[in-house]
Amino acid sequence: YKRFCEEHAHWRKAGPGRWTARFKAKPVTWSQSRTFVAVRYLEYYEEDDMFGPRPIYSYILFVTNLRLSPIKLEEFYNQRATSETLIAQGKGQLGWTTMRTQSFWTNDALFQIGLLAYNLFVWFKRRYLPEGDQGQELETFRSWFIRAAGKVVHTGRRWFLDLGENYPWKQLWLSIEEKQMSVQPF
């Protein structure tokens with residue numbers, strides 16, 4: 001859609017490194033024209049020996065019937081996209097689409113328990129995982145830590161988890177354990 005934006009948009013500066021445009025267009029396969037809102041961001045300059053530095057842009061394109069300014073429209077759709085991502089995670093990884101019983105109230109209670117479990121998972125990620133790993137989804141986390149091959153060993157009045165030499169997330173697991181041990185009780 002980069003070419004589509006450049007063909008139809010008349011850009012207006014909307015801040016440092018940001019331009020916006022609102023235009024009507026009819027893509028070839030559509031039956032009628034629609035209102036488009038585009039936001040273009042300057043990413044960097046690419047060196048070109050013949051013509052000097054060439055700007056490289058990233059584009060965001062919306063088809064909308066809302067009368068918001070392009071910047072407000074981008075904020076609105078970004079919030080909506082975050083919500084839709086969370087809903088998709090809930091459906092795919094927490095089983096929100098499955099009604100477990102014929103009772104509305106029982107299903108409601110199970111849904112609330114699922115939300116609590118998800119919120120505890122998010123809290124755990126923020127508290128114990130390094131910043132680079134905090135974006136991991138539930139299914140990835142399960143495959144790293146819950147489905148880990150290992151054994152629980154009790155020796156010398158102490159329990160510990162033996163993860164084996166080749167476990168790829170051993171250092172991360174140990175750093176989580178160390179952070180948990182350093183937490184002061186209430």
Side-chain angles (χ1 to χ4, degrees), residues 1-2 14-18 39-46 56-62 68 70-186:
Y1 53 80
K2 172 184 169 183
R18 180 165 59 179
V39 182
R40 178 175 78 174
Y41 290 95
L42 176 65
E43 294 294 323
Y44 59 91
Y45 286 96
E46 187 175 83
I56 302 298
Y57 299 104
S58 63
Y59 297 82
I60 299 170
L61 183 64
F62 304 101
L68 298 171
I71 301 306
K72 292 287 184 195
L73 193 72
E74 181 184 9
E75 290 171 3
F76 171 76
Y77 280 116
N78 281 343
Q79 290 172 353
R80 184 175 169 180
T82 300
S83 299
E84 288 177 2
T85 300
L86 292 173
I87 291 167
Q89 285 180 353
K91 285 179 174 179
Q93 298 180 22
L94 295 173
W96 287 355
T97 56
T98 305
M99 293 297 119
R100 309 259 183 237
T101 71
Q102 297 297 318
S103 165
F104 172 82
W105 296 112
T106 305
N107 287 333
D108 182 56
L110 291 171
F111 179 75
Q112 295 295 330
I113 291 168
L115 279 177
L116 176 63
Y118 181 78
N119 287 335
L120 287 170
F121 168 67
V122 170
W123 170 82
F124 178 87
K125 287 194 307 182
R126 290 182 180 166
R127 175 128 187 181
Y128 294 110
L129 293 182
E131 268 190 53
D133 292 324
Q134 288 181 7
Q136 297 303 331
E137 292 185 0
L138 185 59
E139 195 56 42
T140 303
F141 185 82
R142 279 184 191 138
S143 69
W144 285 2
F145 295 105
I146 309 300
R147 297 181 188 137
K151 59 184 175 180
V152 178
V153 179
H154 183 263
T155 181
R157 287 191 266 162
R158 187 171 166 236
W159 289 94
F160 67 94
L161 180 63
D162 183 10
L163 292 169
E165 290 298 317
N166 297 325
Y167 178 61
W169 312 111
K170 189 172 187 173
Q171 285 307 117
L172 185 56
W173 185 280
L174 293 173
S175 76
I176 290 169
E177 184 180 19
E178 186 178 308
K179 285 180 185 177
Q180 283 180 326
M181 294 305 218
S182 68
V183 172
Q184 297 295 318
F186 296 106

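Position 1 is the first residue of the sequence, and the numbers go up from there.
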Please check if the side chain of Lys179 supplies one atom and the backbone of Arg127 the other of a donor-acceptor pair under 3.5 Å.
no
With a 3.5 Å distance limit and no angle check, can you tell me whether Asn107 reaches the backbone of Thr101 through a side-chain donor-acceptor pair?
yes
Apply side chain to side chain contact (heavy atoms under 4.5 Å, CB included) to [X] and list each qualifying residue two or more places apart in sequence or on a separate chain.
X: Tyr45; value: Leu42, Pro53, Pro55
X: Glu46; value: Tyr44, Arg54, Ile56
X: Gln112; value: Asp108, Leu115
X: Arg126; value: Val122, Gln134

Is the closest side-chain heavy-atom distance between Leu73 and Tyr77 below 4.5 Å?
yes
Residues in ring pair (Phe, Tyr, Trp, His ring centres under 6.0 Å) contact with Trp159, at least two apart in sequence or another chain:
His154
According to ring pair (Phe, Tyr, Trp, His ring centres under 6.0 Å), who are the partners of Phe124, at least two apart in sequence or on a separate chain?
Tyr128, Phe141
Holding to side chain to side chain donor-acceptor pair (under 3.5 Å), I want the full list of residues that pass it with [X], two or more places apart in sequence or in another chain.
X: Ser103; answer: Thr106
X: Glu139; answer: Arg142, Arg147
X: Glu137; answer: Gln89, Gln93
X: Tyr57; answer: none

Please name the pair of heavy atoms, one in [X] and one in [Y], separated by the smallest distance, quoted to 0.1 Å.
X: Lys125; Y: Gly135; result: NZ-C, 4.3 Å
X: Asp133; Y: Gln136; result: O-CG, 3.1 Å
X: Leu172; Y: Pro130; result: CD1-CD, 3.3 Å

CG/Asn78 to CZ/Phe76 distance, rounded to the nearest 0.5 angstrom?
11.0 Å
CH2 (Trp169) and CD1 (Ile176) are apart, to the nearest 0.5 Å, by 11.5 Å
